[in-house]
Q: 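Starting off with a structure, shown below.
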Amino acid sequence: MQFRLHNAPFETKTAAAATCLVALLVVVLAEAAGVGGTTVTYNDRSLVIDGERRIIISGSIHYPRSTPEMWPDLIKKAKEGGLDAIETYVFWNGHEPHRRQVNTCNGFYCHDWFPNRTGIPKIWTENWTGWFKAWDKPDFHRSAEDIAFAVAMFFQKRGSLQNYYMYHGGMNFGRTSGGPYITTSYDYDAPLDEYGNLRQPKYGHLKDLHSVIKSIEKILVHGEYVDTNYSDKVTVTKYTLDSTSACFINNRNDNMDVNVTLDGTTHLLPAWSVSILPDCKTVAFNSAKIKAQTSVMVNKANMVEKEPESLKWSWMRENLTPFMTDEKGSYRKNELLEQIVTSTYQSDYLWYRTSINHKGEASYTLFVNTTGHELYAFVNGMLVGQNHSPNGHFVFQLESPAKLHDGKNYISLLSATIGLKNYGPLFEKMPAGIVGGPVKLIDNNGKGIDLSNSSWSYKAGLAGEYRQIHLDKSGCTWDNNNGTVPINKPFTWYKTTFQAPAGEDTVVVDLLGLNKGVAWVNGNNLGRYWPSYTAAEMGGCHHCDYRGVFQAEGDGQKCLTGCGEPSQRFYHVPRSFLKNGEPNTLILFEEAGGNPSHVSFRTVAAGSVCASAEVGDTITLSCGQRSKTISAINVTSFGVARGQCGAYEGGCESKAAYKAFTEACLGKESCTVQITNAVTGSGCLSNILTNEMEIFTTLIVNKMKDANMFAGQGGPIILAQIENEYGNIMGQLNNNQSASEYIHWCADMANKQNVNTCNGFYCHDWFPNRTGIPKIWTENWTGWFKAWDKPDFHRSAEDIAFAVAMFFQKRGSLQNYYMYHGGMNFGRTSGGPYITTSYDYDAPLDEYGNLRQPKYGHLKDLHSVIKSIEKILVHGEYVDTNYSDKVTVTKYTLDSTSACFINNRNDNMDVNVTLDGTTHLLPAWSVSILPDCKTVAFNSAKIKAQTTVMVNKANMVEKEPESLKWSWMRENLTPFMTDEKGSYRKNELLEQIVTSTYQSDYLWYRTSINHKGEASYTLFVNTTGHELYAFVNGMLVGQNHSPNGHFVFQLESPAKLHDGKNYISLMSATIGLNNYGPLFEKMPAGIVGGPVKLIDNNGKGIDLSNSSWSYKAGLVGEYRQIHLDKPGCTWDNNNGTVPINKPFTWYKTTFQTPAGEDTVVVDLLGLNKGVAWVNGNNLGRYWPSYTAAEMGGCHHCDYRGVFQAEGDGQKCLTGCGEPSQRMVSPTHSILFEEAGGDPSHVSFRTVAAGSVCASAEVGDTITLSCSQHSKTISAINMTSFGVARGQCGAYEGGCESKAAYKAFTEACLGKESCTVQITNAVTGSGCLQRPHRSGFMLILLVSYN
């Protein structure tokens, strides 16, 4: 058995696996492997057990995900499947739950670009520092490290001129933004932000780079140079001029740090970085090491007046009347014209107007096809519809109801552009508007009146534009409606006056609450606004690593922010637009209908700054803005840092550093401190976690030794390993030195010579990092874990067999399946978050321990062949011969014997390979094994094992669900509806996991507020989830949960306060904990920090975040252990009527165990979310109301080609649009229904083989087995030769072989298993009417009792 130590909930795999310290032990199945066990060593070919080189095939089975009663059967099946070893984990928390003239380059990288002729300099005209922003897109951020890397590489490789695009992007005032759909902001993540402020650390880091480059300018442009490649991705360039020299060293690896020795001195280069040594001795700059400060910019309220309350609004409706007929246009045309040319782009708007005479009244659908970008439709003066195109696809259709009256009817269409196309082939010819149409009126019978060639009248612009309302000229009549401002009214102008914020800080206007339109301040056009358009959710929002290529389009985006938020809500108001000491005027044209009552003016300035440095560095801090001074030193941490700038947590404070910075910086605009050992002090390297890990690891290893479990003691354990996947993420952390120290600590703790190994879907091209050690594949992922919102991942038997055969062809020695049996996450052990209770993993033994055929059998056949040539594989000489780019033959030879592998790595082409005079056909993406180099004993793409169709059957002992009589009990929430009787109080919102010590999924946050009179509010809660219920004065007012992968969300619920004391109770719930990624153990959960606010109808908020909060973990029912059905619990059966869809309800029923030995499952369809117990045993969380997402991989499956579980290219998925999990493997049953469901559909069922199928060619042998609890074969349903339609369990006949039917009937009926040799006599003639030939398959369908 292999074990792992985990400091997280039972671990689940991601593409890079889990991050934590793990101990792994391999246990040989002694009978199968023949291990008596005295010594275990290794060489470059294999493990050596008792002096014998051995091939090891292993499979992962996590014992906590199966019951102990299942273990013997699982081990037995693993042995029968040809496994030598089982790998399992020791879960830390499970066992210790507590404690042109010149051509130039544009792009993100230009170092590999050179001019197209000699004698001209290498010039980079556009180094894109970020990317433009579109209304539907989040913000793109290109790291300071990556830009510096690109620039340093450019100058290393003979660059001479480099220009940042943008260095300051600014803002698209007026109608200047392009696109279409480009925002008003053009910030571009530039070193100087949209407002002109320093974007730190980008600005400072590049400044440091520039300083170094300029210091060696002469030698760069005059000197001789030599490039020396130290490896494929590491290059040193030395420039020499007279007696001076300067050097660059680059490391282009995106995941590996390197050491480079130059003139006797070794330099460590982080991955994806460039070091510059002006004297070729000392590093003056490394692109990955930022020494510049980081500044956190904050928005502050206008302190001159209290906004938004002080802003008094008046309004005016846009006069649409002149455009509601087809009269008074600029001109007419009997066709639908292109908008930009027609309007001469004097406005975003163009009216298309026509009329139609109609007899009588009738209802129609008005259909308009337009190239957009936006369209409003009016019929007889009434707005009947509006729509806009999705970004990037500007042809769309508007369909709106249209009622015509008797006589003349008018149709007015207002088409709007949102920026013009400014890039691409013939972009100037890209149309906009309703050019060509068609425009139709379609009746209820589908009959259409085509208006496209009617007489259309055209007019550009709006009445308000012609009147220049935005200039607030005299003659404009504004209405204030006694202070009541109409909201959500399209085509409305709003006006207010405001006082300019004091000081010199940047001024912005927050337009949240508005929909779409244009804003002016003192007649200056700030540009289009559209805060109602939220940015899309994109994968790049959830990870950021400077290492590796940055790209803004296509796959692989990263470092995005603002997903799911308004694309732009803040708009720059330059101080030059403002008048100090007198009122300023803001005018809005709200086109789509919004609410101006939340509008406010704010200032933007640096709130805090941070810096990091090593001993020997100098830190310079500066407020960088208009006479601001440093007011406090908050954190000086050495060795350990948690959080991020603006929210660092202490815990490893350096008092000496605090004193040095306090003395040098307080009250000053800027300061400089040299970092010496005296300044840093001793710091502290946190050893609490490492101590605990070492204690637990030692405990487990000693227990194994005490039981004589290691091979040297005569036991079955042949390999002990500390598996450490920290290296996958260590480069994402700020402190590479600490990361390196941790890695070395792990190795010291193991106290063994380490053997590096491979994890993944394919490991054939991987080899150990040094000679003399065997090639070991510790995790061959047989499928993938399942999340509540994801479908089921299936990795085909053919692909796994291909990967394993390729591994052994290329000198593999030990291969372990992860998982061989995945099992189930009982109780609260599933991680994630959002990992299901099922941990099936599409393993050869399914979640319930049944054989998953044909995967189990096909791999068993492969194991048998591999073991038959074990000796020659570990002792023999080998020769690899490439027959083509993707076809390789490997021949192993030992004495007079030989064995061969032939692989075909093409994913869409079969090939013929001639070996020693014999031609072998290899299907695409397959490996053939020839133990004698003559006859193919196994091909990975040809499955000879049976396919078994598993079926769910009703409980035959009783009629369910009708027989299940339910009683119920409401969860007692009363104790939590006030803020009394908590475990403790705190005037802040705490992190959930730490506060609750994870004794429950639930934590109550409770507070109270005294209120005068009755009033209605919106309760706003910002939480890091994963789920939240909100109660006000004992009433449930709202509930929400986060989307998987983005665990920060907001709850907004109505809250009515009464006169006097009011109670607010928030129940936060976790759904599994994070168990992978940088500092995953510090990933917060719950309402940590909030804010929690009560917001009135005017947008005024009462911030409760720092109120006195009372905390209590868990539910009353958990403390009372209702799941154990102890005496004293009063259940209600309500005369047989069970309440349904009631949150926080316990349900109980009794049931009869299904007869026989088949797997039992409980079907929880109809329930919402909660936990289930059977006889006190916790089956785990359930959530059948959460359906799996629709993904492209659900609609195709082809074993050929690379399998992947993340990113694009997924395939072979099932269950899209269905409950993520409805079946749970379990005499009475108790349910805690948290979210409100219906138990009346619950039933218990059995899972067993319903039918089996097999296919074979003449010469093969078919073995059929019920493989379950004395079941026998009851019928031969189909024996088809040459033709097969459908799939196993649903084959269609039509080419029956009577001879085969007879042979299988005689050999198999009534038996648990049978074997039949496939000969010409057995197959008969089929229906081909010609002699049989290789490649025609016999298809067999069999049923069980």
Q: Tell me whether R142 is salt-bridged to D189, with the criterion being a basic N under 4.0 Å from an acidic carboxylate O.
A: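 Judged by the 4.0 Å cut-off on N to carboxylate O distance, R142 and D189 do not form a salt bridge.
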
Q: R353 and S457: side chain to side chain donor-acceptor pair (under 3.5 Å), yes or no, with the steps?
A: CA-CA 5 Å; R353 298 170 297 152; S457 173; 3.2 Å; yes

Q: Measure from the side-chain N and O atoms of T325 to the backbone N and O of E327, and report whether any donor-acceptor pair falls under 3.5 Å.
A: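 Checking the backbone N and O of E327 against the side chain of T325, a donor-acceptor pair under 3.5 Å is found.
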
Q: Hey, is the main chain of S455 close enough, under 3.5 Å, to the side chain of T354 for a donor-acceptor pair?
A: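 It does hold such a pair.
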
Q: Just do the ring-ring contact (aromatic ring centres under 6.0 Å, His included) check on W131 and F108 with the steps written out, would you?
A: CA-CA 10 Å; W131 202 242; F108 292 114; 5.7 Å; yes

Q: Between W313 and Y494, how do the two ring planes meet: parallel, tilted or perpendicular, split at 30° and 60°?
A: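 Ring orientation, 0 to 90° scale: perpendicular.
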
Q: Before giving the answer on side-chain contact (heavy atoms from CB on, under 4.5 Å), spell out for L462 and F589 the whole-Å C-alpha distance, their side-chain angles and the decisive distance to 0.1 Å.
A: CA-CA 11 Å; L462 301 172; F589 172 58; 3.4 Å; yes

Q: Distance-only, no hydrogens or angles: does the K202 side chain make a donor-acceptor pair with backbone N or O of T129 under 3.5 Å?
A: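 Yes; at least one donor-acceptor contact below 3.5 Å.
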
Q: Tell me the closest heavy-atom pair linking A460 and S343, and the distance in Å.
A: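 Result for this residue pair: CB-CB, 3.8 Å.
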
Q: Tell me every residue that passes salt bridge (Lys or Arg N to Asp or Glu O under 4.0 Å) with R467, counting only those two or more places apart in sequence or in another chain.
A: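 Here no residue qualifies.
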
Q: Would you say Y181's side chain and S389's backbone share a donor-acceptor pair under 3.5 angstrom?
A: yes

Q: Would you say R569's side chain and S532's backbone share a donor-acceptor pair under 3.5 angstrom?
A: no

Q: Kindly state each residue pair satisfying salt bridge (Lys or Arg N to Asp or Glu O under 4.0 Å) with at least one member in residues 512-532, sequence neighbours excluded.
A: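 Of all non-adjacent pairs touching residues 512-532, those that pass salt bridge (Lys or Arg N to Asp or Glu O under 4.0 Å) are D348-R528, E374-K516, K516-E591.
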
Q: Y186 vs Y188 aromatic rings, parallel, tilted or perpendicular, using cut-offs 30° and 60°?
A: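 Judged by the thresholds at 30° and 60°, the geometry between Y186 and Y188 is tilted.
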
Q: Cut-off 3.5 Å, side chains only: do W272 and E145 have a donor facing an acceptor?
A: no

Q: Spell out, as yes or no, whether a donor-acceptor pair under 3.5 Å connects the side chain of D146 to the backbone of F550.
A: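 The answer is no, because no donor-acceptor pair under 3.5 Å joins these two groups.
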
Q: Go through it in stages, so that I can follow the logic: the residues are V521 and V509, the test is side-chain contact (heavy atoms from CB on, under 4.5 Å), and I'd like the CA-CA distance, side-chain angles, deciding distance and then a yes or no.
A: CA-CA 10 Å; V521 168; V509 58; 5.7 Å; no

Q: Under 3.5 Å, side chain of S452 to main-chain N/O of V439, donor-acceptor pair present?
A: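 Yes; at least one donor-acceptor contact below 3.5 Å.
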
Q: Return the orientation label for the W520 and H470 ring planes: parallel under 30°, perpendicular over 60°, tilted otherwise.
A: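 Aromatic pair W520/H470 classed parallel.
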
Q: Show every salt bridge (Lys or Arg N to Asp or Glu O under 4.0 Å) that has at least one partner inside residues 444-453, sequence neighbours left out.
A: none

Q: Does a side-chain heavy-atom distance below 4.5 Å link N319 with F491?
A: no

Q: Give, for atom NE2 of H141 and atom OG of S143, the distance between the pair rounded to the nearest 0.5 Å.
A: 11.5 Å

Q: Have N391 and D136 got a donor and an acceptor in their side chains that come within less than 3.5 Å?
A: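 Indeed, the side chains of N391 and D136 share at least one donor-acceptor pair under 3.5 Å.
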
Q: Pair Y376, L383 - check side-chain contact (heavy atoms from CB on, under 4.5 Å), show working.
A: CA-CA 7 Å; Y376 293 86; L383 178 63; 4.0 Å; yes

Q: Taking only residues two or more places apart in sequence or in another chain, which ones pass side-chain contact (heavy atoms from CB on, under 4.5 Å) with T125?
A: T104, N106, I123

Q: Within 45° of the ring axis of Y466 and under 6.0 Å from its six-membered ring centre, is that where the NZ or CZ of K459 lies?
A: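 Geometry flag: set, cation within 6.0 Å and 45°.
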
Q: Passes side chain to side chain donor-acceptor pair (under 3.5 Å), T492 versus E590? Steps please.
A: CA-CA 5 Å; T492 302; E590 177 52 61; over 6 Å; no

Q: Check D193 against H168 and note the closest heavy-atom contact, atom names and distance.
A: O-ND1, 2.6 Å

Q: Could you tell me which non-hydrogen atom of Q397 sits nearest to which non-hydrogen atom of N387, and how far apart they are?
A: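 Taking every non-hydrogen atom into account, O-ND2, 3.7 Å.
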
Q: Give the ring-plane orientation class for F323 versus W351, where under 30° counts as parallel, over 60° as perpendicular and anything between as tilted.
A: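 Taking W351 first and then F323, their aromatic rings lie parallel (interplane angle under 30°).
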
Q: ring-ring contact (aromatic ring centres under 6.0 Å, His included) for W124 and F154? Distances and angles first, verdict last.
A: CA-CA 8 Å; W124 189 357; F154 177 73; 5.2 Å; yes

Q: How are the rings of F173 and H572 set to each other: parallel, tilted or perpendicular (split at 30° and 60°)?
A: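 Judged by the thresholds at 30° and 60°, the geometry between F173 and H572 is tilted.
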
Q: Is there a donor-acceptor contact under 3.5 Å from the side chain of E338 to the main chain of A432?
A: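 Yes; at least one donor-acceptor contact below 3.5 Å.
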
Q: Using a strict 4.0 Å threshold on nitrogen-to-oxygen distance, state whether D1198 and K1211 make a salt bridge.
A: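 Salt bridge flag = no for K1211 with D1198.
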
Q: Would you please test K157 and D112 for salt bridge (charged side-chain N to carboxylate O under 4.0 Å, His left out) and show each step?
A: CA-CA 8 Å; K157 300 189 74 173; D112 285 335; 2.6 Å; yes

Q: Which of parallel (below 30°), tilted (30 to 60°) and perpendicular (above 60°) describes Y533 and H388?
A: tilted

Q: Around N116, counting heavy atoms of other residues, nucleotides and ligands shown, do more than 12 lie under 6.0 Å from its CG?
A: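 Check passes, neighbour count above 12.
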
Q: Please evaluate residues N584 and N522 with respect to the criterion side chain to side chain donor-acceptor pair (under 3.5 Å), reporting the C-alpha separation (whole Å), side-chain torsions for both, the decisive distance (0.1 Å), and the verdict.
A: CA-CA 6 Å; N584 296 269; N522 295 331; 2.8 Å; yes

Q: Side chains of S185 and Q568: donor-acceptor distance under 3.5 Å anywhere?
A: no

Q: Restricting to salt bridge (Lys or Arg N to Asp or Glu O under 4.0 Å), what partner residues turn up for D187, sequence neighbours left out?
A: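 Salt bridge (Lys or Arg N to Asp or Glu O under 4.0 Å) list for D187, sorted by chain: R199.
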
Q: So, for P531 and L514, which heavy atoms are closest and what is the spacing to 0.1 Å?
A: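 Smallest heavy-atom distance, with atoms named: CG-O, 3.3 Å.
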
Q: Using a 6.0 Å cut-off, check whether atom CE of M382 has over 12 heavy atoms from anything other than its own residue.
A: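 Counting other residues, nucleotides and ligands, CE of M382 stays at 12 neighbours or fewer.
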
Q: Step by step, work out the side-chain contact (heavy atoms from CB on, under 4.5 Å) result for L586 and V599.
A: CA-CA 10 Å; L586 170 66; V599 170; 4.0 Å; yes

Q: If you take all heavy atoms of S363 and K403, which pair is closest and at what distance?
A: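 Smallest interatomic distance, heavy atoms only, reads OG-CG, 4.2 Å.
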
Q: What pairs of residues pass the salt bridge (Lys or Arg N to Asp or Glu O under 4.0 Å) test when at least one of them lies in residues 375-387, not counting sequence neighbours?
A: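 Every candidate salt bridge (Lys or Arg N to Asp or Glu O under 4.0 Å) pair involving residues 375-387 fails, so no pair, neighbours aside, qualifies.
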
Q: Do the side-chain N and O atoms of T365 and E399 include a donor-acceptor pair separated by under 3.5 angstrom?
A: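 Checked: T365/E399 side chains show no N/O donor-acceptor pair below 3.5 Å.
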
Q: Is it the case that the side chain of T370 and the backbone of G433 share a donor-acceptor pair, with hydrogens and angles ignored and the cut-off at 3.5 Å?
A: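 The answer is yes, because a donor-acceptor pair under 3.5 Å joins these two groups.
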
Q: Tell me if a side-chain donor or acceptor on Q339 pairs with a main-chain N or O of S415 at a distance below 3.5 Å.
A: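 Between the backbone of S415 and the side chain of Q339 there is a qualifying donor-acceptor contact (under 3.5 Å).
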
Q: Hey, could you give me the CD1/CH2 distance between I469 and W478, rounded to the nearest 0.5 Å?
A: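 The distance works out to 6.0 Å.
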
Q: Let me know which of L511, T506, D510 forms a side-chain contact (heavy atoms from CB on, under 4.5 Å) with V508.
A: T506

Q: Which heavy atom of F396 sits nearest a heavy atom of G372, and at what distance?
A: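 Nearest pair, atom of F396 first, then G372: CE2-CA, 3.6 Å.
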
Q: Measure the shortest side-chain to side-chain distance between Y529 and L588 over non-hydrogen atoms and say whether it is less than 4.5 angstrom.
A: yes

Q: Does some side-chain heavy atom of I487 sit less than 4.5 Å from a side-chain heavy atom of P596?
A: yes

